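Here, residue 1 is the first one in the sequence, and each next residue gets the next number. None of these values were measured; they are calculated from a predicted model.
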Amino acid sequence: MSNKVESNPEAPKIEFPCADYPIKVLGRGGDDFKGFVIEIVQIYAPDLDLKTVSVQDSKKGTFQSVRFSITATGEDQLRALHKALMDSGRVTMVI
């Protein structure tokens with residue numbers, strides 16, 4: 001018997017359009033961080049359902065995470081959204 005482990009397994013393929021694609025954006029907290037994130041997201045996902053948006057503060061309140069779901073239309077859309085969020089200077093991480 002072989003216990004060989006595949007060293008480079010393929011990532012699962014996402015089929016587009018992908019409804020309810022979850023995204024989490026982390027950044028420095030502030031009264032307008034949620035609105036700021038929503039404004040950028042709506043450029044790339046104009047059909048963002050605001051009911052899916054939630055915000056959670058870090059323990060000390062320094063950071064916030066904004067979570068939401070979009071209908072992902074393709075890799076180009078996701079790359080562009082990620083770049084716009086990261087280039088803003090207010091976002092630390094997009095998951």
Side-chain angles (χ1 to χ4, degrees):
M1 265 193 219
S2 172
N3 287 334
K4 185 177 175 183
V5 175
E6 194 172 327
S7 62
N8 198 2
E10 281 190 40
K13 300 288 184 200
I14 298 170
E15 290 187 29
F16 296 106
C18 179
D20 300 320
Y21 186 88
I23 297 176
K24 181 178 178 180
V25 179
L26 302 165
R28 291 235 172 241
D31 292 340
D32 66 335
F33 187 67
K34 175 184 173 184
F36 165 78
V37 170
I38 289 171
E39 193 174 301
I40 291 178
V41 170
Q42 287 180 322
I43 294 169
Y44 300 93
D47 60 341
L48 171 67
D49 181 355
L50 297 178
K51 290 180 278 190
T52 70
V53 180
S54 66
V55 179
Q56 184 173 0
D57 293 330
S58 66
K59 263 187 186 174
K60 295 182 181 178
T62 306
F63 293 93
Q64 285 184 324
S65 68
V66 179
R67 297 172 189 231
F68 53 90
S69 296
I70 64 169
T71 298
T73 58
E75 289 181 24
D76 290 343
Q77 174 205 34
L78 295 175
R79 268 194 291 275
L81 174 57
H82 182 271
K83 181 174 177 8
L85 288 165
M86 293 304 293
D87 287 353
S88 72
R90 295 193 61 190
V91 173
T92 307
M93 189 182 319
V94 180
I95 303 171

Exercise for the section: Determine whether more than 12 heavy atoms belonging to other residues, nucleotides or ligands lie under 6.0 Å from atom CG of Asp47. Expected result: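 Enclosed.
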Handout entry: Phe36 atom CZ, neighbour heavy-atom count above 12 within 6.0 Å
Key =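 Buried by this count: over 12 neighbours within 6.0 Å.
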Going hydrophobic residue to hydrophobic residue with side-chain gaps under 4.5 angstrom, can you get from [X] over to [Y]?
{"X": "Ile38", "Y": "Leu78", "result": "yes"}
{"X": "Leu50", "Y": "Ile23", "result": "yes"}
{"X": "Met93", "Y": "Val53", "result": "no"}

State, yes or no, whether a side-chain contact exists between [X] and [Y] at a heavy-atom distance under 4.5 Å.
{"X": "Thr52", "Y": "Asp20", "value": "no"}
{"X": "Gln64", "Y": "Lys34", "value": "no"}
{"X": "Val41", "Y": "Val66", "value": "no"}
{"X": "Thr62", "Y": "Arg28", "value": "yes"}

Exercise for the section: Could you tell me whether the side chain of Gln42 and the main chain of Leu48 form a donor-acceptor pair under 3.5 Å? Expected result: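 No.
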Can you name the closest pair of heavy atoms from [X] and [Y] and give their distance?
{"X": "Ala72", "Y": "Phe16", "answer": "O-CD2, 3.4 Å"}
{"X": "Pro22", "Y": "Ser69", "answer": "CA-OG, 4.0 Å"}
{"X": "Gln77", "Y": "Ala45", "answer": "NE2-CB, 3.9 Å"}
{"X": "Thr92", "Y": "Gly27", "answer": "OG1-CA, 3.7 Å"}
{"X": "Leu26", "Y": "Phe33", "answer": "C-CZ, 4.1 Å"}
{"X": "Tyr44", "Y": "Ala80", "answer": "CE2-CB, 3.5 Å"}

Handout entry: Arg90 CZ to Ile40 CD1 distance, which is reported to the nearest 0.5 Å
Key =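 The CZ atom of Arg90 sits 8.5 Å away from the CD1 atom of Ile40.
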